[in-house]
Amino acid sequence: MRRVLGWYVAAVAVALALACWPLLAMGVQAIFTGDEEPAASPATITRYHADFTVGRDGALEAVERITLDFPESPASHGIFRYFDHRDPNAPGLRRDPGYVEARMDAHLSRAERLAEAKAYYGEDGVAWRTEDCPLDRPGCTEEFLQSWSAEEVPTEQSEEDWGRYTVVRVGDPARTVTPGEHTYELRYRIEDALLPQEEGSRLHWDLIPAGWSQPIQHAELSVTLPAESADVRCAVGVGSTDGCTTVEGEGTSTLRITADDLDPGTPVTVRTDVATTPTVAPDPLPWSQRWDPVLGQDSGRAAAVLILSVLLFLAGLAFVAARTFERRPKPTVPPKIPDGIGPAQAMYLLHERVGPTEFVRTLSYCAALGLIVITKDGDGWSVRRGTGVRDADFDRLDVASARVRYLLRGNRPLRLGGKQRKAGGQLAKELEVFKARVRAWARDEGYIVDVPLFLPVFLTEVCLVVAAVALAVWRPWDMSVVALLPAALAAGLAPAMRHTAQTRRTPAGRRLWAQLVAVEDRVTGPRPAQEKEFAAALPWAVAFGSAASWSTGSDDHWWRQHWLTHGDHEVGADLVEEFGRGFQASVSSSISAYERTQSSSGSGSSTGGYSSGSSTSSGSFGGGGGGGGGGGGGGGGVW
């Protein structure tokens, strides 16, 4: 059962990692880009004028008029503005501006813009002419100048960083703006800016976001609220508690704020209570924006995908249980040790497992029968035949236990542990024969049959994994969790590929299984009270690792005689306990030393507060940190 659970834990972990891979990608991206400094901007924002109107429904409509002074060199195509969807005050809401309308120099007449274009580019247009507008094409110059002087400006809108940012690029990549001042006007709307609280609501907003890469000489900001304001706080700078030049209008529905000489990356943040609640209550998602690349922005769809994924996982689990699970039988009464069965066969019938552990148990079984002697030898172990033990004495054992004689030819002991490469090589070879003998015995005797289940399950798993990877990369509905649908089914089916799922016990095998269950329960339980039963069960108790618990708790003397004397050697409790702890490690150490020599020989060489109040600020922004932590995050620059 533990191994099956291990399969499920590993498969579910892989499925979840695949579905959540955008989170891992964002973590890696943060490692490599976290220390990057923004490039110095050649332009300066001379005036930043923004009007924010908050409606009774809680939505915010903004008009930003940003005047930049562009130098002659380097030439620029326009500006960009990006909006951060995350709001630390409302993790479940998304500050998405939707469609952003952009205009350039809307305050100038068309004639003024045309005159500016001719003054910069020239009447003949040589300064801007390209292959698309050759000199001999009639009307080309006028077409360009007329298009350049239009109020509308090319705008491209996209999402970056897994949908966290909306980026608006304003300008034409085919031409640059003229040097001097130009005013860009941006209009957008963001829902749920007004956040309900116990009494009324609250606005906490970055009127100027922290991401602008240009210095701002002067900012004039106005905020129109649906009701009177109260406890108005204003701060300039991330974590700052004051800095606004003026804050006017507290107690009214209109706030006017000014700030001067702002360095690049300096936000202006306002927080105010509003004496009303929004008519439209915010509908936050139950997860933060960080999880949007995984779960999307539709809670109903995400819940449906997760529920269906659980059902598909349970379907795979049900298939595995129906096709591979065999219910443990009731032990036979009274328990009887079957003839011709050793501990290795017993463990294979009980748990369908044969390996180094079962091999070590077989050695301890032979030691308990007096056929071999195991003694501590320095930091390792020494194994030799018992005095007078011949090959014929091993022939009365089961086919697996009889293989021990091939390890011990003659009277030379086998030393294990440390750097015994030769012994390790001998053990490795004998272990493979040992495992093959046990598996062949179970099939030859008709106890276990093979079930051709691996290939169809494997092909199904491959198809499901390919589908999961494709969905994780494609991210339909902008949610990678969709990959969990095939991945969950693949995880549910995964244990069907383990080797024990490819076999089933026959009716004869189940009857023998029931006998062995009774033997296992008996030898792992209390020590037998009768001498005859104790003598018969002792080798199996040693093999199953439970004999040490039989060595205490009785004043009888007969069990000590059986316990201590088997032929010419002792297998007392201290030896058995140390053997269980260290002998298998010595076997593994010897095999590992041997395998390292094989590997090296085959490789060729081995070498809080804000200012508030009236025209001058006083007071602090209690409980909520300093500036820069509101909604409306983002920034902008020149490209």
Side-chain angles (χ1 to χ4, degrees), residues 1-8 315-362 365 394-404 431-461 492-525 536-537 539-540 543-545:
M1 180 58 70
R2 289 183 179 179
R3 293 195 174 191
V4 175
L5 289 177
W7 274 82
Y8 278 126
L317 189 151
F319 174 84
V320 172
R323 296 297 300 270
T324 68
F325 180 73
E326 294 182 84
R327 186 179 299 277
R328 180 183 173 94
K330 294 181 179 180
T332 57
V333 179
K336 178 183 178 182
I337 299 175
D339 296 332
I341 302 293
Q345 292 113 312
M347 293 302 294
Y348 191 65
L349 260 296
L350 284 167
H351 308 292
E352 294 187 68
R353 182 177 68 242
V354 58
T357 299
E358 287 67 42
F359 185 68
V360 170
R361 288 183 173 186
T362 298
Y365 173 72
F394 288 94
D395 291 339
R396 59 187 176 88
L397 301 179
D398 59 275
V399 294
S401 302
R403 293 294 309 177
V404 174
L431 179 60
E432 293 304 314
V433 176
F434 174 82
K435 293 189 292 186
R437 284 291 183 91
V438 172
R439 295 188 181 109
W441 164 83
R443 286 156 178 78
D444 293 343
E445 296 294 329
Y447 296 130
I448 286 180
V449 294
D450 294 315
V451 179
L453 189 62
F454 178 82
L455 184 59
V457 172
F458 175 76
L459 295 177
T460 302
E461 290 282 272
L493 292 174
M497 292 194 300
R498 72 191 196 281
H499 69 89
T500 56
Q502 315 307 316
T503 59
R504 290 189 76 86
R505 297 173 183 84
T506 63
R510 289 192 63 84
R511 289 192 294 270
L512 182 57
W513 187 13
Q515 296 181 50
L516 293 173
V517 168
V519 173
E520 183 181 36
D521 291 346
R522 184 67 192 92
V523 300
T524 56
W540 284 82
F544 276 84

| So does E432 pair up with K435, basic N to acidic O under 4.0 Å? | yes
| query | Shortest non-hydrogen contact from P331 to D521? | reply | CG-OD2, 3.9 Å
| For the atom pair OG1 (T362) and CD (Q345), what is the distance rounded to the nearest 0.5 Å? | 7.5 Å
| task | Please determine if R328 and E520 form a salt bridge, counting it only when a charged side-chain N lies under 4.0 Å from a carboxylate O. | result | yes
| Nearest atoms (heavy-atom pairs only) where A518 meets T332 | CB-O, 3.3 Å
| Is a side-chain N or O of Q515 found less than 3.5 angstrom from the main chain of L512, in a donor-acceptor match? | no
| field | Smallest separation among heavy atoms of L349 and G509, with atom names | value | CD1-O, 3.9 Å
| said: Please enumerate all residues that pass ring-ring contact (aromatic ring centres under 6.0 Å, His included) together with F458, with sequence neighbours excluded. | reply: F454
| request: Could you please spell out the steps behind the side-chain contact (heavy atoms from CB on, under 4.5 Å) verdict for V438 and E358? | output: CA-CA 10 Å; V438 172; E358 287 67 42; over 6 Å; no
| So do the side chains of I341 and V519 get within less than 4.5 Å of each other, counting heavy atoms only? | no
| CG on D450 to CZ on R443, rounded to 0.5 Å | 4.5 Å
| message | So F319 and T460, do their side chains get closer than 4.5 Å, heavy atoms only? | response | no
| note | Rounding to 0.5 Å, atoms CG (L516) and OH (Y447) come to a distance of 9.0 Å
| field | Sequence-distant partners of R403, side chain to side chain contact (heavy atoms under 4.5 Å, CB included), two or more places apart | value | Y406, E430, V433, R437
| message | Using the side chain to side chain contact (heavy atoms under 4.5 Å, CB included) criterion, which residues pair with R510? Sequence neighbours excluded. | response | E326, P329, R505, W513
| query | With under 30° as parallel and over 60° as perpendicular, where do the rings of F434 and F359 fit, or are they tilted in between? | reply | perpendicular
| query | Side chains of V404 and Y365: closer than 4.5 Å at any heavy-atom pair? | reply | no
| message | Give me the atom names and distance for the closest heavy-atom approach of L397 to A402. | response | CB-N, 4.2 Å
| Closest approach of Y348 and A442, non-hydrogen atoms and distance? | CE2-CB, 3.6 Å
